[in-house]
Protein chains: 2
Amino acid sequence: MLKYRDVAKKIQQAIYQQNLPKDTQLPNIEGLINQYQVSRTTIIKALNCLERHGVIYQVQGSGIFVRQLQKRGYLNFLESHGFSVDLNNSPNSSQVFNVDIVQPSSQVKQNLQCEDGEEIYFIKRLRKFEDKIYALERSYYRRKMVGYLNKEIAEHSIFSYIKDILKINIGFSDKYFKAIKLDEQTANYLGLSAGDPALCVEEIFYTSAGEPFDFSTIIYHYDNAKFYVQSNSK
Amino acid sequence: MLKYRDVAKKIQQAIYQQNLPKDTQLPNIEGLINQYQVSRTTIIKALNCLERHGVIYQVQGSGIFVRQLQKRGYLNFLESHGFSVDLNNSPNSSQVFNVDIVQPSSQVKQNLQCEDGEEIYFIKRLRKFEDKIYALERSYYRRKMVGYLNKEIAEHSIFSYIKDILKINIGFSDKYFKAIKLDEQTANYLGLSAGDPALCVEEIFYTSAGEPFDFSTIIYHYDNAKFYVQSNSK
DNA sequence: GAGTGGTCTAGACCACAAC
DNA sequence: TTGTGGTCTAGACCACTCC
């Protein structure tokens with residue numbers, strides 16, 4: 001375990017366990033150095049990490065404060081597919097329609113940067129959260145990278161399979177999104193009507209080596225899926 | 001100018017000026033140290049900065065590569081309101097309806113963490129980009145923080161006024177979003193029909209000292225506004 | 001094994017905030 | 001002025017990739 005991650009985790013846990021409210025001031029850096037017995041730089045790295053994840057904010061000349069402000073019922077848009085810890089793990093399941101091997105369309109080829117003959121897993125599934133349908137997902141995975149997929153894996157989490165079993169490190173992602181009018185077919189899956197609104201997200205995930213392995217189009221139910229993003233200027 | 005920002009800027013400029021394609025390998029860290037004459041740590045800080053902004057990706061044991069992949073016509077969701085440089089600056093204007101001082105509603109009070117009697121600027125404006133209407137924005141600014149606002153400022157950029165004239169440092173933001181069905185009134189502003197889809201974003205902006213100064217609700221035209229977000233697991 | 005990025009350290013010094 | 005976070009340095013060592 002890397003020291004700075006360890007320290008970050010411990011600080012975060014301390015905040016959550018003590019249920020510290022927003023704007024509570026934490027010990028200063030000197031204090032944290034003594035508390036965790038690591039160098040100044042390591043503390044700072046841990047703090048920057050927590051700051052980027054929206055847990056704290058730092059004010060030069062003043063102090064370190066708790067940020068923490070997640071509206072209930074909103075999903076973390078950046079971490080909705082794998083990154084980092086999700087603290088309020090809830091019943092999350094999928095109804096899987098297809099797990100097929102297909103040839104890539106030109107759109108898929110472009111997004112996954114793959115060859116003409118390359119085999120691609122195509123998976124269509126309905127995603128549920130606390131018994132509510134919140135999205136219809138159409139995913140493409142490169143077979144040469146994920147090896148083997150089946151319905152059972154897709155019913156749970158493809159991403160944990162890729163991370164924990166295949167030991168592939170997820171590096172970064174691009175997401176494109178907009179509001180759309182639902183077509184009849186998709187509306188039926190979501191239990192809505194044609195013409196109803198939806199959030200349409202296209203995502204591409206890359207390994208830490210920079211190779212794309214997953215391209216997905218996700219249509220979110222406009223009433224059951226709400227998101228938040230925290231960012232900072234640093 | 002901070003060294004690491006300076007280095008980051010120069011590396012980014014080098015990439016754009018030479019128009020380096022995706023996955024081009026950059027010089028290694030040793031090379032960059034020699035090129036920019038700063039310490040290893042400073043180079044690394046600059047690189048991490050660029051990585052977070054989606055300009056490059058780094059692969060341990062392998063190298064540093066160009067990332068750069070912005071689909072044309074998509075707005076950077078995280079930087080759509082102020083942060084960082086926007087490279088493709090385009091004609092961007094606003095039609096301003098109101099610049100009023102009002103008492104905060106309970107929703108505004110909660111989001112801006114303000115007192116009952118506090119004076120709040122309420123601004124409603126239609127945002128245009130290359131002559132297309134792309135959003136209706138309703139914003140609330142705390143008067144005690146922004147001092148003075150008028151129609152002319154709102155027609156241009158309130159954020160550059162706050163940053164460049166008032167010298168307030170923007171620290172971080174929370175954004176909440178979902179797809180919605182347009183009501184008749186908002187639809188009229190956007191040139192759409194009631195029931196059409198839209199992307200609804202609520203944002204709260206904080207100074208670098210952690211004080212909220214702006215709460216806005218923005219309704220984006222579903223055909224004219226598309227967004228991207230780049231993120232990474234580091 | 002050679003090359004490359006990532007972590008960690010101790011310590012000097014800078015910049016901003018609050019009193 | 002004092003306290004606080006932020007930057008920067010030189011250098012040791014670790015972890016991963018690729019040949």
Side-chain angles (χ1 to χ4, degrees), chain A residues 1-11 23-52 55-67 145 167-172 206-211 232-234, chain B residues 1-11 23-52 55-67 145 167-172 206-211 232-234:
Chain A
M1 176 65 104
L2 297 174
K3 280 195 187 177
Y4 81 92
R5 283 192 195 277
D6 192 41
V7 171
K9 202 161 127 190
K10 283 176 178 160
I11 294 175
D23 299 324
T24 306
Q25 185 161 5
L26 299 183
N28 68 13
I29 292 183
E30 208 56 45
L32 295 170
I33 289 172
N34 292 328
Q35 187 171 349
Y36 296 105
Q37 291 295 309
V38 293
S39 77
R40 187 180 162 84
T41 317
T42 301
I43 291 289
I44 287 173
K45 199 161 185 188
L47 292 174
N48 287 338
C49 211
L50 292 174
E51 188 168 43
R52 278 201 305 281
V55 179
I56 59 164
Y57 63 93
Q58 300 178 77
V59 184
Q60 187 170 153
S62 178
I64 305 156
F65 305 89
V66 175
R67 182 153 167 208
M145 299 192 67
K167 305 286 181 200
I168 293 177
N169 290 313
I170 297 167
F172 51 93
Y206 300 80
T207 66
S208 56
E211 277 196 292
N232 62 71
S233 54
K234 284 183 189 168
Chain B
M1 175 66 101
L2 297 175
K3 280 194 188 179
Y4 80 93
R5 282 191 197 276
D6 192 41
V7 171
K9 200 161 129 190
K10 283 176 180 161
I11 294 175
D23 298 326
T24 305
Q25 184 161 6
L26 299 183
N28 68 15
I29 292 183
E30 207 58 43
L32 295 171
I33 289 171
N34 292 328
Q35 189 172 345
Y36 296 106
Q37 292 294 310
V38 294
S39 78
R40 188 182 160 82
T41 316
T42 302
I43 292 288
I44 286 174
K45 198 161 185 187
L47 291 174
N48 287 339
C49 211
L50 291 174
E51 190 168 40
R52 278 201 304 280
V55 179
I56 59 164
Y57 64 93
Q58 301 179 77
V59 184
Q60 185 169 153
S62 179
I64 305 157
F65 305 88
V66 175
R67 183 157 168 202
M145 300 192 66
K167 305 284 183 202
I168 292 177
N169 290 313
I170 297 168
F172 51 93
Y206 301 79
T207 66
S208 56
E211 277 197 292
N232 61 69
S233 55
K234 283 181 188 170

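From a predicted model like this one, the values you see are computed outputs, not experimental measurements. Just the heavy atoms: all of them, side chains too, but no hydrogens, waters or symmetry mates, feed the values below. Below, chain A is the first sequence line, B the second, and so on; all start at residue 1.
- Minimum interatomic distance between Ser62(A) and Gln25(A) (heavy atoms only, all atoms of both residues): O-NE2, 3.3 Å.
- Of the two residues near DNA chain D, Leu2(A) and Gln25(A), the one whose nearest nucleotide lies more 5' is Gln25(A).
- Running 5' to 3' along DNA chain D, contacts with non-hydrogen atoms of chain A at under 4.0 Å begin and end at dG3(D) to dT7(D).
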- Item | Val38(B) and Ile33(B): CA distance, side-chain angles, deciding distance, side chain to side chain contact (heavy atoms under 4.5 Å, CB included) verdict | CA-CA 6 Å; Val38(B) 294; Ile33(B) 289 171; 5.9 Å; no
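- Partners of Asp6(A) under the salt bridge (charged side-chain N to carboxylate O under 4.0 Å, His left out) rule, at least two apart in sequence or in another chain, are Lys10(A).
- Counting only residues at least two apart or on different chains, the salt bridge (Lys or Arg N to Asp or Glu O under 4.0 Å) pairs with a member in residues 32-52 of chain B are Glu51(B)-Lys234(B).
- The heavy-atom pair separating Met145(B) from Ile168(B) by the smallest distance is O-CD1, 3.3 Å.
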Please list each protein N or O that sits under 3.5 Å from an N or O in nucleotides 17-19 of chain C, with the distance.
| from | atom 1 | to | atom 2 | distance (Å) |
| --- | --- | --- | --- | --- |
| dA17(C) | O4' | Gly61(A) | O | 3.3 |

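- Going from atom OH of Tyr4(B) over to atom C1' of dA15(C) covers 13 Å, rounded to whole Å.
- When side chains are defined from C-beta on, Ile56(A) counts as touching Leu47(A), because their heavy atoms get closer than 4.5 Å.
- Considering only heavy atoms from C-beta on, Lys9(A) stays 4.5 Å or farther from Arg5(A) through its side chain.
- Where Met1(A) and Gly63(B) each meet DNA chain C at their nearest nucleotide, the meeting point lying more 5' is that of Gly63(B).
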- Message: Please determine whether side chain to side chain contact (heavy atoms under 4.5 Å, CB included) holds for the pair Ile11(B) and Leu26(B), giving the CA-CA distance in whole Å, both sets of side-chain angles, and the decisive distance to 0.1 Å.
- Response: CA-CA 9 Å; Ile11(B) 294 175; Leu26(B) 299 183; 4.2 Å; yes
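- Between Asn28(B) and Lys3(A), the residue anchored nearer the 5' end of DNA chain C, judged by the nucleotide with its closest heavy atom, is Asn28(B).
- The distance between atom CD1 of Ile64(B) and atom P of dG3(C), rounded to the nearest whole Å, is 16 Å.
- Ser233(B) places no side-chain N or O within donor-acceptor distance of the main-chain N or O of Phe172(A), the cut-off being under 3.5 Å.
- For residues 34-45 of chain A, proximity to DNA chain D is found at Arg40(A), Ile44(A), defined as any non-hydrogen atom under 4.0 angstrom from a strand atom.
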- Tell me, with the steps shown, if Tyr4(A) and Cys49(A) meet side chain to side chain contact (heavy atoms under 4.5 Å, CB included). CA-CA 9 Å; Tyr4(A) 81 92; Cys49(A) 211; 4.3 Å; yes
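- In DNA chain D, runs of at least 3 stacked Watson-Crick or G-U pairs (N1-N3 plus N6-O4 or O6-N4, or N1-O2 plus O6-N3, all under 3.5 Å) give these stems: C:1-18 with D:1-18.
- Screening Leu50(A), Thr24(A), Asp23(A), Val55(A) against Val66(A) for a side-chain contact (heavy atoms from CB on, under 4.5 Å) leaves a single residue, Thr24(A).
- For the pair Leu32(A) and Ile64(A), the minimum side-chain heavy-atom distance is below 4.5 Å.
- Annotation for Phe65(B) and Val59(B): closest pair CE1-CG2, 3.9 Å, computed over non-hydrogen atoms.
- For the pair Ile33(B) CD1 and dT4(C) C1', the computed distance is 12 Å after rounding to whole Å.
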